[in-house]
2 protein chains.
Amino acid sequence: MKDPIEAFRKFLADKNQKLTPQRQVVLRIFMDRHDHMTPEELHQLGREMDPGLGLATVYRTLKLLEEAGLARELRLGDGVARYEYDFGREHHDHIICTACKRNIEVLDPRIETLQEALARRHGFELTGHKMILYGLCQACREDGE
Amino acid sequence: MKDPIEAFRKFLADKNQKLTPQRQVVLRIFMDRHDHMTPEELHQLGREMDPGLGLATVYRTLKLLEEAGLARELRLGDGVARYEYDFGREHHDHIICTACKRNIEVLDPRIETLQEALARRHGFELTGHKMILYGLCQACREDGE
DNA sequence: GTGCCTGCAAATTTTTTGCACGTCG
DNA sequence: CGACGTGCAAAAAATTTGCAGGCAC
C-alpha cells in the first residue's frame, strides 16, 4: 500500500466508515506540508480548501488518522497537542531546544533496539514509544555565552 | 543536601519566596507517598492536612517543585498530567501497559548514554529527556490469548 | 429508511489568572 | 508600608459531545 488516501479509505471501510471530503482535506494538508501542526492550525489551513470545515471535524479526523497509523500525536511540552504525518516515513523521535523551541527529528537504531530489550526484560511486549530529548541547540548556546 | 524540605526552602529563598505551610503540605505528600499523582489527587490528599488548601495553590506549588527539581511532570498518554517525586532518586523512565494502564519505572544506562551522544551529534547539549515505552504486560498478553 | 457525518453550539476538563485579603518583616 | 502568598471564583484553553439536518446507499 503506497497511497495514503487509499490506505485511509481502506481503514475507514473496515470500520464501515467513509472517506468524506472533509477527511480528505485534512489528510491532504498532511501530505502537502509535512509539518508539526496543532488542530487549530490544521483547521485554518483546512478552511482554505473547505471554508465550512468545522474544528470538531478536524479533531475527529485526527483521531482517525492516528488510529490508521497515518498521523502521530506529538507533545513537546507546552500544553498543545501537535500532529505529524506518519505515512511511509521512517520512525523517528525529536530533540527540542528549550530556548528557541526549534525541534528536529532524530533516530538512533541502537536506542530502538535497547528499548525493545528493556521492555522485554520487564515482561512487556513493546508496541511503541515516545521519546523527546530536551537541550540547547548550538545557536542558543552561543547566544547564551 | 539531603533534606528535601531544606532544599525546597533554599530554592525558594533564592527567589525571595517562602516555604509556606501550604507548600510544605504538598511536598510532604510527595515524601510520604512516592506515587504518580494528578493535581486533583494531590489536592484531595492535601485537604486532609489543611482543609482550606486551594487547588490553584497546588498547581502553583507543583510548578515550583518542578523548577526546584523535586518533582517531575509525567504525561502517560491520557490527557491528565501527573507528578512524581524526584528528590534523591535515580533517574528513570516508564513503561505503560496499553491494556491495563499499569506502569513501571525502568532504566537502561546504555540508552541514556546513547541519547547524550545522539543529541551531541545533532549539535545539541542535552539537558533532559522524556521517554515512555508502550506495550503489553505479561498478564494482559495472557488474558488476550 | 438507516446509518454514517457534519457543523455548530454547548458542555467538559484542565489549568491559569485577577483580586481582595492576610501575613510577616 | 511593601512584597509575597492564599483561596475563591472567574477566565481561558483544549477537547469532547449532543443534536438537528444532510447525504449515500
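First the proteins, then the strands, lettered A, B, ... as listed; each starts at 1.
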Please tell me if A:Lys63 has a side-chain N or O lying less than 4.0 Å from either OP1 or OP2 of D:dT15. no

To the nearest angstrom, the CD-P distance between B:Glu41 and C:dT15 comes to 12 Å

Quick check: do B:Lys15 and B:Leu64 have side-chain heavy atoms less than 4.5 Å from each other? yes

Distance in angstrom units between A:Leu55 CG and D:dT16 P, rounded: 10 Å

Spacing between B:Leu62 atom CG and D:dT6 atom P, to the nearest angstrom: 13 Å

Who are the ring-ring contact (aromatic ring centres under 6.0 Å, His included) partners of A:His122, not counting sequence neighbours? none

Could you please spell out the steps behind the salt bridge (charged side-chain N to carboxylate O under 4.0 Å, His left out) verdict for A:Arg121 and B:Asp108? CA-CA 11 Å; A:Arg121 213 181 306 146; B:Asp108 186 335; 3.4 Å; yes

Judged by each residue's nearest nucleotide on DNA chain D, which is more toward the 5′ side, A:Glu40 or A:Arg60? A:Glu40

Nearest-nucleotide pick for B:Tyr59, side chain only, options being C:dT14, D:dC8, D:dT17: C:dT14

Atom pair distance, as rounded to whole Å: CD in A:Glu73 and C1' in D:dT16: 14 Å

Just jot down the side chain to side chain contact (heavy atoms under 4.5 Å, CB included) partners of A:Asp32, sequence neighbours excluded, or say none. none

What do the steps show when you test B:Arg9 against B:Glu6 for salt bridge (charged side-chain N to carboxylate O under 4.0 Å, His left out), and what is the final call? CA-CA 5 Å; B:Arg9 191 195 307 282; B:Glu6 282 319 305; 3.2 Å; yes

Treat each ILVMFWY residue as a node, draw an edge where side-chain heavy atoms are under 4.5 Å apart, and state whether A:Leu126 and A:Phe124 are in one component. yes

Distance in angstrom units between A:Arg75 CZ and C:dT15 P, rounded: 10 Å

Are B:Leu19 and B:Val25 connected into the same hydrophobic cluster when the rule is that any two of I, L, V, M, F, W, Y join if their side-chain heavy atoms are below 4.5 Å apart? yes

Please report the distance, rounded to the nearest Å, between CG in B:Asp50 and P in C:dG22. 17 Å

How many Å lie between CG on A:Leu42 and C1' on D:dT15, as a whole number? 15 Å

For DNA chain C, which residues in residues 13-25 of chain A have a heavy atom at a distance below 4.0 Å? A:Asn16, A:Gln17, A:Lys18, A:Thr20, A:Gln22, A:Arg23

What is the distance, rounded to the nearest whole Å, between atom CZ of B:Arg47 and atom P of D:dC8? 6 Å

